[in-house]
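First, the structure itself, so that you have it in front of you.
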Amino acid sequence: MAEYDDNLIIEGSTLMGVKNMHVGKIVIPDFVTAIADSAFENGKSISLTTIVIPNSVRRIGKSAFRKCTPLFLTNINIPDSVSIIESNTFNGCIHLKNVKIPNSVTKICEHAFLDCGALSDVIIPNSVTYIGDYAFADCSSLKNIKIPDSVTSIGYAAFDGCSSLESVEISASVTRLGDFAFDDCNALKNMRIHINSENHLLLKYPRRFFNNAIITKTSNGYILDLSTNKFENLGENSRKINNPYLINYYIKFFDDKKKFNNLNKIDFAFSRYLYKKDLKKLENKQKINYNDIDNYNIKSINNLLSALKNSKISKFHTIQDEYNFFKLCENIGVLNIVPTTKKTTTKYNKEKVQQIDYSQKAREFLKDRILEGSLPLGQFHSSFDRMLPLGFKQGFADFFLNKKNFDELMAYEFYHKGFIARCYNEFEKVQAAHTSQRGSQRQLAPTVEFFKNYFLLNKFQGLTDENAKIANAISPYFSSQDDFDAAVKIDRERKKKGTPDNILGDETIQEESVFEKVDSLLKETKENSVYTTSTLVDLAERKFTYEFLRKSDPTNFILGKLCSCCAHLEGVGNGIMRASIIHPNVQNIVIRDKTGKIVAKSTIYVNRKEGYAVCNNVEINNDIVADDVRLIYQKYKKAIEIFAEKYNAKYPDKPLKIITVGMNMNDLYSQITENDTPSPIIYKALDYGKYCFGNSTYSGDSSESQYIVWETNKTDGQTL
């Protein structure tokens with residue numbers, strides 16, 4: 001495009017991707033009614049200081065000025081004719097200092113002002129009811145914000161990273177405050193949240209300010225003061241609280257000083273558990289009985305937590321680990337306030353009555369197991385997330401608190417995540433079937449082996465020798481007959497289509513982890529077409545290995561469960577799961593640890609006609625420590641390299657030229673952005689949404705951003 005020195009008048013045209021345009025001012029004529037989506041998005045070298053938008057413009061499109069990084073737009077007045085600030089409208093306008101939002105605007109959508117680092121002054125008018133996710137995130141110059149009474153919803157991370165923000169006031173009209181709404185607002189000194197009995201349960205508070213807050217009773221509700229100087233004016237109707245997660249309890253017991261003060265004795269971590277339980281009750285439209293808090297053995301749980309904090313054992317990796325730990329504690333009796341009466345019958349048919357303090361028994365058992373390392377805190381999410389919050393079950397507690405049973409449970413759980421949770425969820429039903437073969441049908445004591453056999457053999461109808469492996473693979477994770485039927489149907493579909501087991505036909509790309517002799521390795525390589533470039537020493541010391549998972553391997557059905565993602569039978573990503581099994585050009589890449597356990601996955605799609613491949617993203621199990629992520633990245637890159645070499649050797653007439661990976665939800669984001677190059681082209685992946693079933697519409701994570709993870713050599717100065 002030509003260069004201009006004078007003002008440029010735009011008549012609704014799109015300038016997306018324009019380069020080297022030099023204008024000082026853009027005046028949009030008053031007959032224009034809309035600025036198109038992505039009008040200035042990703043414009044390169046556009047010099048623009050002023051834009052005049054007339055009242056005739058009723059809509060400024062999505063991403064209209066997104067990531068137009070050289071845009072020197074410092075001030076903008078949004079006309080009264082605009083009612084919605086669309087998503088990503090000013091995302092990345094790094095020079096924008098002041099914005100005038102008119103009273104006509106009712107919604108500020110997701111990412112609207114994300115990363116506007118110079119934005120220091122913004123007034124949200126009383127007309128706005130909705131502030132979307134990340135709406136003002138990373139506006140690092142923003143100092144003050146007042147949420148008007150009209151706003152009812154503030155989205156996830158809406159002001160996350162506003163590092164200069166000093167003062168915030170939120171009205172009682174807000175019924176939804178998203179998680180991390182004010183996370184990383186490190187300069188925040190003054191924060192007041194107005195609440196009432198109708199909305200306080202829906203608030204999510206900034207975690208930095210949780211301890212030592214002040215609650216004040218007013219004539220029309222309560223004020224939660226999280227300011228740093230809050231103790232200077234502690235009034236007669238104000239009280240100090242320790243656990244704002246329990247704000248609903250504090251309101252309930254505000255006038256009962258004894259109960260109010262007892263709430264301050266609850267450990268902060270445990271208060272978060274109670275809060276989440278209450279939210280789940282609300283979501284299920286259940287009534288909360290606040291007086292139930294008297295039925296928890298707070299002294300016992302504090303004793304356990306104190307022991308854990310003072311020890312040098314592993315810690316919780318995530319809040320989800322912490323939540324599931326407390327759920328287990330409740331389900332096996334740590335929280336029991338009174339001893340439990342246990343009745344048994346002797347062999348002489350006499351009734352025996354015992355009083356068992358499960359609170360002490362379970363608490364000490366957990367302490368010992370954690371100290372010896374057999375119950376790692378950092379794996380509670382993956383192991384116990386599917387355990388239902390059904391409360392104390394005496395039969396399961398006796399079963400779980402038996403050392404022999406426990407050791408067997410944990411050994412099996414290591415390879416079958418969720419097995420213990422399933423034992424708890426279905427304990428009564430399984431136990432009802434566990435009787436002797438004699439006429440009396442005497443109830444037998446629960447055993448781990450019986451649970452294993454029950455879940456494997458008796459769970460699904462239509463079991464045959466042909467589909468037994470599928471049942472074995474999915475049974476620890478899915479109990480529905482529909483899930484089993486869906487898996488069998490997909491497997492039959494693969495066979496009917498005659499889909500090769502691998503993209504390379506019968507040839508599997510797999511890096512072996514151990515072997516005994518060079519001769520045996522060479523023999524196996526020839527017989528099974530296993531490809532490896534590693535030395536004997538490398539194989540002996542390797543921590544992770546890669547493998548292109550065969551389509552016939554039933555692990556494909558539950559791969560997302562192993563790698564903490566949605567690509568499994570019941571996940572949103574069931575389309576990518578199904579495609580990886582039945583489509584000849586799609587296959588899963590997995591990374592295994594030394595024990596053979598799968599810890600990471602990626603799914604690759606090959607466009608044979610156009611000579612490129614796209615990996616959806618890379619997903620890693622939540623249990624993996626940060627130091628191992630780099631090693632997984634190296635294995636992933638090696639797998640891609642070997643695949644490209646083998647593919648091009650097999651198909652020299654139609655070779656691959658480039659392989660990219662999607663960056664949305666990519667667990668290797670830091671490693672890839674540090675070591676690899678952004679792709680200037682978004683290569684089209686398979687439409688995984690077409691392979692979804694049910695209500696899932698997952699279409700992949702490579703549509704917005706891709707990086708190059710492998711590329712052919714440069715020839716004639718051009719990169720292929």
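Here, residue 1 is the first one in the sequence, and each next residue gets the next number.
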Any donor-acceptor pair under 3.5 Å linking the side-chain atoms of Ser163 with those of Asn186? no
Heavy atoms from other residues, nucleotides or ligands near NZ of Lys684 exceed 12 (cutoff 6.0 Å):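 No, the 6.0 Å shell around NZ holds no more than 12 heavy atoms from other groups.
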Do Asn585 and Arg608 pair up side chain to side chain, a donor and an acceptor below 3.5 Å, judged on atom types alone? yes
For Phe400 and Phe396, take the angle between the two ring planes, folded into 0 to 90°, and tell me which bin it lands in: parallel under 30, tilted 30 to 60, perpendicular over 60.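 Geometry flag for Phe396 against Phe400: parallel rings.
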Any side-chain heavy atom of Ile659 within less than 4.5 Å of one from Ile708? no
Do the side-chain N and O atoms of Asn324 and Lys327 include a donor-acceptor pair separated by under 3.5 angstrom? yes
Is there a side-chain contact between Asn607 and Tyr683 (heavy atoms, below 4.5 Å)?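 No, side chains not in contact.
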pair Tyr691-Ile576: side-chain heavy atoms closer than 4.5 Å: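 Of all side-chain heavy-atom pairs linking Ile576 with Tyr691, none is under 4.5 Å.
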Within a 6.0 Å radius of atom NZ on Lys469, are there more than 12 heavy atoms belonging to other residues, nucleotides or ligands?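 Not more than 12 within 6.0 Å, no.
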Angle class for the Phe316/Phe326 ring planes (parallel below 30°, perpendicular above 60°, tilted otherwise)? tilted
Going from CG on Asp667 to CG on Asn617, what distance comes out if it is rounded to the nearest 0.5 angstrom? 7.5 Å
Distance alone, cut at 3.5 Å: any donor-acceptor contact between the side chains of Asp183 and Tyr156? no
Is the backbone of Thr603 close enough, under 3.5 Å, to the side chain of Asn588 for a donor and an acceptor to pair up by distance? no
Could you check whether any side-chain heavy atom of Phe419 comes within less than 4.5 Å of a side-chain heavy atom of Lys452, counting everything from C-beta outward?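 In short, these two side chains touch, coming nearer than 4.5 Å.
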Around Lys403, counting heavy atoms of other residues, nucleotides and ligands shown, do more than 12 lie under 6.0 Å from its NZ?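 Enclosed: over 12 neighbouring heavy atoms sit under 6.0 Å from NZ of Lys403.
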Can you classify the ring geometry of Tyr651 versus Tyr647 as parallel (below 30°), tilted (30 to 60°) or perpendicular (above 60°)? tilted
Does any donor atom in the side chain of Gln510 or Thr508 lie under 3.5 Å from an acceptor atom in the other side chain? no
Apply side chain to side chain donor-acceptor pair (under 3.5 Å) to residues Asn574 and Glu570 and explain how you reach the verdict. CA-CA 7 Å; Asn574 61 59; Glu570 290 186 356; over 6 Å; no
Which is it for Tyr134 and Asp115 under the side chain to side chain donor-acceptor pair (under 3.5 Å) test, yes or no, and what are the steps along the way? CA-CA 9 Å; Tyr134 296 97; Asp115 200 24; over 6 Å; no
Note, Lys276 side chain near Ile319 side chain (heavy atom, < 4.5 Å): yes
Is a side-chain donor-acceptor pair under 3.5 Å present for Asp485 with Gln481? yes
Check: Phe451 ring centre within less than 6.0 Å of Tyr454 ring centre: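 Centroid distance Phe451-Tyr454: not below 6.0 Å, so no.
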Quiz question: by atom type and distance under 3.5 Å, do the side chains of Gln706 and Ser679 form a donor-acceptor pair?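 No donor-acceptor contact under 3.5 Å links the two side chains.
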Would you please say whether a donor-acceptor pair under 3.5 Å links the side chains of Asn88 and Glu110? no
Those residues that, when tested against Asn425, pass side-chain contact (heavy atoms from CB on, under 4.5 Å) (two or more places apart):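 If we apply the side-chain contact (heavy atoms from CB on, under 4.5 Å) test to Asn425, skipping adjacent residues, the hits are Met387, Leu388.
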Under the rule for salt bridge (charged side-chain N to carboxylate O under 4.0 Å, His left out), what residues qualify as partners of Lys551, not counting sequence neighbours? none
Working to the nearest 0.5 angstrom, can you tell me the gap between Thr545 OG1 and Lys594 NZ? 11.0 Å
Pairs where residues 376-386 contributes a residue and the test salt bridge (charged side-chain N to carboxylate O under 4.0 Å, His left out) is met, not counting sequence neighbours: none
Only one of Tyr323, Tyr273, Phe325 passes ring-ring contact (aromatic ring centres under 6.0 Å, His included) with Phe380; say which it is. Phe325
Evaluate the side-chain proximity of Leu559 to Ile598: yes if any heavy-atom separation is below 4.5 Å, no if none is.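 A side-chain contact under 4.5 Å exists here.
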Would you check if Tyr605 and Asn616 make a side-chain contact, meaning some heavy-atom pair closer than 4.5 Å? no
Do Asn331 and Tyr424 have a side chain donor and acceptor closer than 3.5 Å? yes
